[in-house]
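Right, one structure below, let's go through it.
Computed from a predicted structure; not experimentally measured.
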Amino acid sequence: MLHQLSLRNRRAATAAAGVLALAAVGINTPADAATYGTPTITLSAAYLSGAVGATGDPVVTVTVAQSGADVTALGVAASASSKSSVAGTGDVTVTGTGATRQLAVAAHARGYTDLTIKVTGLGGKTATKTLHYAASAAVQNSADTRYLTGSSDASAAVDVGGGYAVVADDESNTLRLYSRSASGAPVKSWDVGSALGADKEIDIEGATRVGNTIYWTGSLGNNKDGEYKSDRNTVFTTTVTGSGAATQLTVGGSYKKLRDDLVAWDKANGNRYGFAAGTASGQVPKQIDGFNIEGLEFAPGSTTTAYLGFRAPLVPPSEGGKALIVPVTNFDKVAGSGAKAVIGTPIELDLGGLSIRDIRKNAADQYLIVAGSWAADDNSDPYALYSWDGVAGHAPVKRADLPTADPGGWEAVVDVPDLTAPGARAQLITDAGSADLYGDGTEAKDLDHAEWKKSRSVWFTVSS
């Protein structure tokens, strides 16, 4: 009996020694597996928007890591979609092999889906994040279309060189810097409200640039309920430093009585344009006899006289009326240092019964006018693009009818090319704030996530 126990003890001791020896030399032991941590995955944005058939839709940056593993060994892909009819897992493309990768989605249909994005690491370990995706419908001119996300209410735009533009929003006091060639979020933004003492929206509708100064104007009209809000009666300047993606803006001067000056001038001239009635309490601005400014540009060869382009009223205020421009001959001092406005001789333009939604010129004094309805419709009324030489008494020339089947009303032209050059193109931007982009009945301005709000920019050929 003692012999048998001793033998068993010796066998156990021998086996234990063998295990220790194997462990010491690492034979048949998955030592590396024990050192792999759980992968990590982060998305640069949890919300993303796209469009059916779009070119260069916004992308999301995916950052991955796993302790103990070479990051190039990690795989990233979509593993699930809550609504594959909008976009399925096979519609998600991930490029790159390092710690940061680019994720793009190709939409099939309008609507929403939640995409599960999975990173697969070594040791069979995984981690996931959810990307909330919204797709708008296909549009005309899709190859020449880009989407400016973060806001849906673009209202004025100014080129700042290097392929970038500063874009205003008529629902906030924020100016945003966007690439003109790529869809996506603004590179940077400036909330000018506090510097201007504006607690409510200025309703920025027009802008133009002279040298390093950008001049901006609010609509000067009542709000949609016919109420006077003083912040909307604002014109101001910003100073530009740098260019392109490095652009910086600093708020300069301002003036908050231009509407008063215009009303007083019209009264002194027999109430020809009905400005007093158009600004009266209860008067909605976007009426044929209302009061609403949407265009701002300087006169030919001038850095002092600016043209104010009116969305309302038409002249006379009836179907087929003419569009109104009122020159302010000292606008540089009005907006720059708060001088009282000096009003020049008004100009009436035949735009086929349409009014002015934007006006822009180039250094050669070639003008483009975006013409649209005085009404508050999103895009059901006609829009057209006219050229002009800026001279009173000279008729504008219709260049093109603008498409109206897609969401958003045409609101801004960024700059004007040489209109005599073959194939010259201009970039126009829509205000899509009232549009139902994703088919759920929600107006774009009321969407919960800034990444889903967007305006549409489109390049059009404008040469003769």
Side-chain angles (χ1 to χ4, degrees), residues 155-156 170 203 205-208 217-221 258-259 262-263 265-266 269 271-275 277-279 283-300 305-328 331 343-361 365-377 379-402 404 409-413 416 419 426 428 430-431 462:
S155 56
D170 61 17
D203 192 25
E205 294 288 359
T208 187
T217 182
S219 68
L220 309 192
L258 180 54
R259 161 173 154 153
L262 289 164
V263 171
W265 165 82
D266 192 42
N269 287 275
N271 289 308
R272 178 177 178 183
Y273 298 114
F275 287 172
T279 56
Q283 175 67 49
V284 177
K286 296 173 184 178
Q287 296 291 330
I288 199 167
D289 59 351
F291 182 94
N292 194 78
I293 291 170
E294 293 213 353
L296 175 65
E297 184 54 275
F298 280 85
T305 297
Y307 288 160
L308 301 178
F310 281 73
R311 177 172 178 168
L314 283 183
V315 184
S318 59
E319 185 176 351
K322 293 183 178 180
L324 175 63
I325 288 176
V326 175
V328 177
F331 192 82
I343 312 300
T345 303
I347 301 169
E348 299 172 10
L349 297 179
D350 184 356
L351 300 179
L354 301 177
S355 58
I356 294 170
R357 303 298 286 270
D358 198 17
I359 181 170
R360 179 71 68 249
K361 72 163 185 159
D365 292 330
Q366 299 171 329
Y367 289 73
L368 284 177
I369 298 173
V370 179
S373 172
W374 47 266
D377 298 337
N379 64 346
S380 59
D381 290 318
Y383 285 85
L385 193 62
Y386 284 80
S387 60
W388 185 44
D389 63 5
V391 178
H394 290 191
V397 176
K398 188 175 183 180
R399 292 269 172 164
D401 289 309
L402 296 173
T404 58
W410 299 106
E411 195 80 0
V413 55
V416 179
L419 298 178
L428 276 63
T430 64
D431 178 340
V462 294

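- Separating the OG atom in S355 from the CG atom in L349 is a distance of 11.5 Å, to the nearest 0.5 Å.
- Taking the side chain as every heavy atom from C-beta outward, V391 and D365 never approach each other to under 4.5 Å.
- Put simply, the side chain of L296 does not reach to within 4.5 Å of the side chain of I359, judged on heavy atoms.
- Looking at Y307, its side chain does come within 3.5 Å of a backbone N or O of G390 through a donor-acceptor pair.
- Nearest heavy atom pair, residue A426 against residue L368, reads CB-CD1, 3.9 Å.
- The line from CD1 of I356 to CG of N292 is 12.0 Å long, rounded to the nearest 0.5 Å.
- Using the six-membered ring where Trp is involved, F331 and F298 have ring planes that are perpendicular, over 60° apart on the 30 and 60° scheme.
- Summarising the geometry of L351 relative to A323, their closest heavy-atom pair is CD1-CB, 3.5 Å, with the distance given to 0.1 Å.
- Summarising the geometry of W374 relative to A312, their closest heavy-atom pair is CB-CB, 4.4 Å, with the distance given to 0.1 Å.
- Pairs of residues two or more places apart, or lying in two chains, that qualify as salt bridge (charged side-chain N to carboxylate O under 4.0 Å, His left out) and include a residue from residues 287-299 are E294-R311, E294-R357, E297-R360.
- A donor-acceptor pair is defined here as one N or O able to donate and one able to accept, closer than 3.5 Å; no such pair exists between the side chain of D203 and the backbone of L220.
- Contact record, A156 with A412: CA-CB, 3.9 Å, taken as the closest heavy-atom pair.
- Every residue was checked against the salt bridge (charged side-chain N to carboxylate O under 4.0 Å, His left out) condition with D358, not counting sequence neighbours, and none meets it.
- Here D389 pairs with nothing under the salt bridge (charged side-chain N to carboxylate O under 4.0 Å, His left out) rule; sequence neighbours left out.
- The shortest non-hydrogen separation linking P327 to P346 is CD-CA, 3.9 Å.
- In this structure, the side chains of L262 and I343 come closer than 4.5 Å at one or more pairs of heavy atoms.
- Residues Y273 and V315 have side chains in contact (heavy-atom distance under 4.5 Å, counting atoms from C-beta outward).
- Taking D401 as the reference, K398 meet the salt bridge (charged side-chain N to carboxylate O under 4.0 Å, His left out) condition, with sequence neighbours excluded.
- Side-chain contact between V413 and L385: absent, with no pair of heavy atoms (C-beta onward) separated by less than 4.5 Å.
- Summarising the geometry, atom CD belonging to E319 is positioned 10.0 Å from atom CG belonging to L314; distances are rounded to the nearest 0.5 Å.
- The closest side-chain heavy-atom distance from Y383 to L428 is not below 4.5 Å.
- Put simply, the side chain of W388 gets close to the backbone of H394: a donor and an acceptor are under 3.5 Å apart.
- For T279, the side chain to side chain contact (heavy atoms under 4.5 Å, CB included) partners at least two apart in sequence or on another chain are R259, V263, F291.
- Looking only at side-chain heavy atoms (C-beta outward), L258 and I293 stay at 4.5 Å or farther from each other.
- By the side chain to side chain donor-acceptor pair (under 3.5 Å) test, S387 is found to be paired with R399, residues two or more places apart in sequence or in another chain being considered.
- When atom types are taken as modelled, the side chain of Y386 and the backbone of A371 share no donor-acceptor pair closer than 3.5 angstrom.
- Between the side chain of E411 and the main chain of D431, no donor-acceptor pair closer than 3.5 Å is present.
- Side-chain atoms of D266 come within 3.5 Å of backbone N or O of R272 as a donor-acceptor pair.
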